[in-house]
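These notes concern the structure reproduced below.
Note that the structure is a prediction, hence the values are computed from the model and not measured.
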Amino acid sequence: MKTILLLEDDENLNKGIALRLQREGYEVFQAFTVTQARELFREKEISLIISDISLPDGDGISFCREIRKTSNVYLIFLTALNQEVDIVNGYDYGADDYITKPFNPLELIARVKSQLRRYVDLGSLEKKTGVFKTGGLVVDDEQKTVELDGKPVAVTPIEYGILKLLTEHAGRVFSMDQIYE
């Protein structure tokens with residue numbers, strides 16, 4: 001079963017979203033504070049996070065930054081912050097999607113389904129085995145080899161590192177600074 005961590009401090013909204021997601025067959029772990037969300041994220045295997053930004057004990061941006069240090073889990077901000085700068089900052093800080101309140105619950109469900117289909121069913125959230133595949137490209141991190149359409153490809157160590165990063169996190173967009181790091 002696909003699992004969703006829902007971080008929303010508005011109790012009624014949290015319960016309403018959780019109920020809709022559960023009706024769609026998802027297991028939902030509800031958090032009302034960043035502290036609760038951190039604990040749930042450590043304890044549970046999470047497929048997707050839906051997070052508010054303004055929270056009573058911190059903010060979703062900091063939580064997102066923490067998550068991005070160790071995980072490629074899909075993250076949607078669901079927030080009342082609707083200025084263009086807020087939206088751009090949300091994406092810059094690691095969000096994969098950004099939905100502003102008020103929102104259409106059917107649209108939220110559709111985005112969740114779409115992203116989980118893409119990121120889980122198509123494999124980018126599968127357990128990492130040391131072999132990363134995207135299209136005809138295969139990067140074997142244990143053997144330190146690269147193949148394209150079944151044929152070996154000679155690459156420099158820097159090229160190898162970039163290819164590994166991109167295939168390991170297929171579907172995610174990286175800035176030049178992130179790739180450089």
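- Remark: the backbone N or O of Lys101 is not paired with any side-chain donor or acceptor of Asn82 at under 3.5 angstrom.
- Considering all non-hydrogen atoms of both residues, Glu11 and Phe32 come closest at CA-CE2, 3.8 Å.
- With values rounded to the nearest 0.5 angstrom, Thr145 atom OG1 is found 4.5 Å from Asp140 atom CG.
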Might you work through the side chain to side chain contact (heavy atoms under 4.5 Å, CB included) test for Phe103 and Leu13, ending with a clear yes or no? CA-CA 11 Å; Phe103 65 99; Leu13 184 56; 4.0 Å; yes
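- At distances below 3.5 Å, at least one donor-acceptor pair connects side-chain atoms of Gln178 with backbone N or O atoms of Ser175.
- Heavy-atom minimum distance, Phe77 versus Gly90: CE1-O, 3.8 Å.
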Are Arg38 and Glu66 close enough, and set up right, to give a salt bridge (Lys or Arg N to Asp or Glu O under 4.0 Å), and what steps lead you there? CA-CA 9 Å; Arg38 278 188 194 112; Glu66 275 180 52; 2.8 Å; yes
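- Linking Ile, Leu, Val, Met, Phe, Trp and Tyr whenever their side-chain heavy atoms come within less than 4.5 Å leaves Ile162 and Tyr160 in two separate clusters.
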Under the criterion side chain to side chain contact (heavy atoms under 4.5 Å, CB included), I'd like the reasoning laid out for Glu142 against Val131: C-alpha separation, chi angles, the key distance, then a yes or no. CA-CA 7 Å; Glu142 292 175 20; Val131 178; 5.9 Å; no
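- If you take CG on Asp10 and CG on Asp52, they are separated by 8.5 Å, rounding to the nearest 0.5 Å.
- The backbone N or O of Asn104 sits nowhere less than 3.5 Å from a side-chain atom of Glu107 that would complete a donor-acceptor pair.
- Residue Gln83 qualifies as open at atom CD: its count of foreign heavy atoms under 6.0 Å is 12 or below.
- Put simply, the side chain of Asn14 gets close to the backbone of Ala31: a donor and an acceptor are under 3.5 Å apart.
- Leu163 and Leu166 fall into different hydrophobic clusters, where Ile, Leu, Val, Met, Phe, Trp and Tyr residues are linked whenever their side-chain heavy atoms come under 4.5 Å apart, directly or through other members.
- Heavy-atom minimum distance, Cys64 versus Gly94: SG-C, 3.6 Å.
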Going through the checks in order, is the side chain to side chain contact (heavy atoms under 4.5 Å, CB included) test met by Leu55 and Leu7? CA-CA 9 Å; Leu55 296 155; Leu7 174 54; 3.6 Å; yes
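- Proximity of a side-chain donor or acceptor of Ser71 to a complementary backbone N or O of Arg68 within less than 3.5 Å is not detected.
- Relative orientation of the Tyr91 and Tyr98 rings is tilted, given thresholds of 30° and 60° on the angle between their planes.
- Ile99 is connected to Leu21 through a chain of hydrophobic side-chain contacts under 4.5 Å among Ile, Leu, Val, Met, Phe, Trp and Tyr, so both are in one cluster.
- The distance from the CD atom of Gln30 to the CG atom of Leu6 is 6.0 Å, given to the nearest 0.5 Å.
- Residues Leu148 and Val155 are members of one and the same hydrophobic cluster, defined by side-chain heavy-atom contacts under 4.5 angstrom among Ile, Leu, Val, Met, Phe, Trp and Tyr.
- Ile4 and Ile109 fall within the same hydrophobic cluster, defined by Ile, Leu, Val, Met, Phe, Trp and Tyr side-chain heavy atoms under 4.5 Å apart, directly or through other members.
- In terms of modelled atom types and a separation under 3.5 Å, the side chain of Thr134 and the main chain of Leu137 share no donor-acceptor contact.
- How far CG of Asp96 is from CD1 of Ile76: 8.0 Å, rounded to the nearest 0.5 Å.
- Looking at Arg20 and Glu24, no side-chain N of the basic residue comes within less than 4.0 Å of a carboxylate O on the acidic one, giving no salt bridge.
- A donor-acceptor contact shorter than 3.5 Å links the side chain of Lys144 to the backbone of Asp141.
- Listed for the Gln36 side chain is a donor-acceptor partner under 3.5 Å among the backbone atoms of Thr33.
- Looking at Leu75 and Leu48, their side chains never come closer than 4.5 Å, going by heavy atoms from C-beta outward.
- Smallest separation of non-hydrogen atoms from Ser54 and Asp9: O-OD1, 3.7 Å.
- The OH atom of Tyr74 sits 7.0 Å away from atom OG of Ser114, with the distance rounded to the nearest 0.5 Å.
- Annotation: Ile158, atom CD1; neighbour count of heavy atoms from other residues, nucleotides and ligands within 6.0 Å does not exceed 12.
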Check the pair Val73, Ser47 against side chain to side chain contact (heavy atoms under 4.5 Å, CB included), reporting the backbone distance first and the verdict last. CA-CA 6 Å; Val73 67; Ser47 304; 5.7 Å; no
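- The backbone N or O of Glu45 sits less than 3.5 Å from a side-chain atom of Thr3, completing a donor-acceptor pair.
- From Glu43, atom CD reaches atom CG of Leu5 across 11.0 Å, with rounding to the nearest 0.5 Å.
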